[in-house]
Amino acid sequence: MFTVLFEDVRPISNVYGGVGVEPYYVSTERLNREQVMVEYNRLTEDKLITQLLEASNTMFMILNPYRQIVLANKELLKVLNVETSDIICKRPGEALRCIHAEKLEAGCGASGFCNECGAFKSIIKAIHGEIVEAECRITSDRNGKREAFDLAIKAQPITYNNENYVLLSALDISNKKRREVLERTFFHDVLNTAGGVYGLSYELKDCLAELGDEYYEIADMMHVLSGKLIDEIKFQQQLLAAENNQLLLDIRKVSLQEFISTIIEVTRKNIDSNEVDIILQHCDDIEIETDSVLLQRILLNMLKNAVEASGIEDVVAVNVILNEDSVRFSVNNRQYMDESIQLQVFQRSFSTKGSDRGIGTYSMRLLGEEYLKGKVWFTSNVKEGTTFYLEIPKEG
């Protein structure tokens with residue numbers, strides 16, 4: 001079938017696989033409906049194929065080398081609100097009613113817009129033996145109503161009964177894309193507003209000082225709380241970027257003794273730790289290269305969790321030990337952690353403090369291991385209590 005498709009045909013589009021790669025020439029040729037139905041019947045006779053296609057809530061279609069749909073699963077039919085007979089023989093863009101698929105008589109793949117279509121390029125490369133993942137944006141026109149699709153595409157060559165096909169999956173990520181836009185707008189606008197409150201509250205302290213200590217203390221509390229609000233918003237922004245693999249590192253030199261002392265002091269101020277003593281047992285006086293913002297975030301979470309888990313007059317102990325090529329941070333509290341809790345510690349949204357908590361330990365491991373290229377773990381026993389560890393390279 002490949003010989004028929006790519007010999008002596010008029011190329012209508014070139015799809016490049018990269019610099020220095022020969023273009024793939026795309027044909028306008030198609031099989032007629034009767035020929036495609038032969039393929040359809042052959043595939044549907046194999047119950048395993050149909051069962052596999054229906055086992056997922058992802059849209060699937062099987063294409064022949066002419067890019068025509070031979071078989072589609074029910075999920076695709078449901079999204080398009082069509083019957084199988086409506087899309088057999090059509091190409092994906094035609095089945096989805098892409099507005100560019102009807103610009104030229106040759107249909108899907110013929111217009112200049114198709115050269116930039118993630119689905120089209122993926123299919124062509126899959127016909128030539130590649131497995132391709134891409135994103136695809138399609139504007140669909142169904143009965144005069146336009147609808148935008150953002151799709152995650154995967155195209156994979158398959159062989160069945162010595163015939164070549166392409167298995168094409170399409171996952172609708174439109175909601176994910178819309179959410180990303182809303183999140184970016186939200187963080188930008190809310191941080192600007194919170195920053196404005198933070199700045200005004202600082203000015204307000206001086207203005208109210210003349211009215212007495214009580215007014216000054218209220219303004220100072222507003223200033224501190226607005227600073228905490230900004231910090232929490234930035235943390236959520238960082239966490240979201242980390243989960244989406246979009247967080248950028250800022251590697252700088254960090255003087256550890258000064259750095260750790262500041263973190264302990266911040267914890268004392270921001271957490272009601274009057275009944276818990278935080279001590280720095282040991283800290284090697286060295287400089288390391290790392291992302292200080294992420295390191296601070298992890299250690300603050302360690303300290304916060306340790307203080308919150310501690311009892312009255314307990315001691316939270318901090319140690320920083322230099323190894324040959326790495327630095328190990330540890331935070332210990334005297335409380336033992338039940339085994340059932342230990343098994344769930346690093347799971348997202350798990351917390352002993354309530355259903356609306358549980359990001360702290362999850363974020364420690366995510367940031368510490370995925371971004372600082374270190375290791376995060378803990379030990380807990382009745383004799384020594386619970387100790388969380390972070391070990392990262394000396395040079396990031």
Atom of Val316, atom of Ser310 and distance for their closest heavy-atom approach: CG2-OG, 3.5 Å
Flag side-chain contact, heavy atom, 4.5 Å: Phe60 against Leu52: no
Heavy-atom side-chain contact between Phe120 and Arg91 under 4.5 Å: no
Contact summary for Arg137 and Asp150, nearest pair of heavy atoms: CG-OD1, 3.1 Å
Gap between atom CE of Met37 and atom OG1 of Thr44 - 0.5 Å precision: 7.5 Å
Exam field: side chain Asp284 to backbone Ile286, donor-acceptor pair closer than 3.5 Å: no
Within residues 97-118 or reaching into it, pairs that qualify as ring-ring contact (aromatic ring centres under 6.0 Å, His included) - sequence neighbours excluded: His100-Phe113
Single-linkage hydrophobic cluster Val293~Ile263, side-chain heavy atoms < 4.5 angstrom: no
Side chain to side chain, Asn64 and Val36, heavy atoms closer than 4.5 Å: yes
hydrophobic_cluster_shared for Tyr336 and Val345, side chain cutoff 4.5 Å: no
Short side-chain to backbone donor-acceptor contact, Arg268 and Ile278, under 3.5 Å: yes
Audit row: Ile260, Leu299, side chain to side chain contact (heavy atoms under 4.5 Å, CB included) steps and yes/no: CA-CA 9 Å; Ile260 295 299; Leu299 296 177; 3.7 Å; yes
Inter-residue atom distance Glu308.CD - Asn333.CG, 0.5 Å rounding: 11.0 Å
CE-NZ distance between Met61 and Lys90, expressed to the nearest 0.5 angstrom: 12.5 Å
Polar side-chain atom of Thr290 near backbone of Ser292 as donor-acceptor pair, under 3.5 Å: no
Ile49 CD1 to Leu71 CG distance, which is reported to the nearest 0.5 Å: 7.5 Å
Ser261 (side chain) donor-acceptor with Glu258 (main chain) under 3.5 angstrom: no
Pairs involving residues 313-331, ordered by first then second residue, that meet salt bridge (Lys or Arg N to Asp or Glu O under 4.0 Å) (sequence neighbours left out): Arg328-Glu391
Leu366 side chain near Phe346 side chain, heavy-atom distance below 4.5 Å: no
Lys/Arg-Asp/Glu bridge criterion (N-O < 4.0 Å) met for Arg33, Glu39: no
Closest approach of Ile127 to Pro65 (non-hydrogen atoms, all atoms of both residues): CD1-O, 3.5 Å
Heavy-atom donor-acceptor pair, Gln257 side chain to Cys283 backbone, under 3.5 Å: yes
Atom of Arg146, atom of Ile99 and distance for their closest heavy-atom approach: NH1-CD1, 3.8 Å
Arg30 NZ/CZ over Tyr66 ring centroid, <6.0 Å and within 45° of normal: no
Gln342 side chain to Met337 backbone, donor-acceptor under 3.5 Å: yes
Exceeds 12 heavy-atom contacts within 6.0 angstrom, atom CG of Leu48: yes
Distance (rounded to the nearest 0.5 Å) between Glu29 CD and Gln68 CD: 10.5 Å
Trace of the side chain to side chain contact (heavy atoms under 4.5 Å, CB included) decision for Leu204 with Leu200: CA-CA 6 Å; Leu204 191 62; Leu200 288 173; over 6 Å; no
Heavy-atom check, side chain of Leu151 versus side chain of Asp172, under 4.5 Å: yes
Cluster check Ile218, Leu225: I/L/V/M/F/W/Y, side chain < 4.5 angstrom: no
Sub-4.5 Å side-chain heavy-atom contact between Leu171 and Ile153: no
Expected output: side-chain Asn301 to main-chain Lys304 donor-acceptor under 3.5 Å: no
Side-chain touch Pro157/Ile131, heavy atoms, less than 4.5 angstrom: yes
Gap separating the OH atom of Tyr40 from the CD1 atom of Ile62, nearest 0.5 angstrom: 11.0 Å
Any Tyr165 side-chain heavy atom under 4.5 Å of Leu63 side chain: no
Derivation and outcome, side-chain hydrogen bond (donor to acceptor under 3.5 Å, both in side chains), residues Asn319 and Gln281: CA-CA 6 Å; Asn319 283 279; Gln281 285 186 328; 2.7 Å; yes
Greater than 12 external heavy atoms within 6.0 Å of Asn81's CG: no
Side chain to side chain contact (heavy atoms under 4.5 Å, CB included) between Glu116 and Lys121, worked out: CA-CA 8 Å; Glu116 303 305 320; Lys121 292 194 287 188; 4.2 Å; yes
Contact summary for Cys108 and Gly93, nearest pair of heavy atoms: SG-N, 3.5 Å
Candidate pair Leu295 and Leu390, rule side chain to side chain contact (heavy atoms under 4.5 Å, CB included), full reasoning: CA-CA 9 Å; Leu295 179 59; Leu390 165 67; 3.5 Å; yes
Donor-acceptor under 3.5 Å (Asp86 side chain, Glu83 main chain): yes
Co-membership, hydrophobic cluster, residues Val320 and Tyr389, 4.5 Å side-chain: no
Under 3.5 Å, which donor-acceptor pairs link side chains of residues 371-378 to any protein atom two or more places apart or in another chain?
from: Tyr371; atom 1: OH; to: Ala242; atom 2: O; distance (Å): 2.8
from: Lys373; atom 1: NZ; to: Glu370; atom 2: O; distance (Å): 3.0

Nearest atoms (heavy-atom pairs only) where Ile233 meets Ala194: CD1-CB, 4.2 Å
Asn73 side-chain N/O to Leu53 backbone N/O, donor-acceptor pair under 3.5 Å: yes
Under 3.5 Å donor-acceptor, Asn32 side chain and Glu34 backbone: yes
Val331 with Val266, same ILVMFWY side-chain cluster at under 4.5 Å: yes
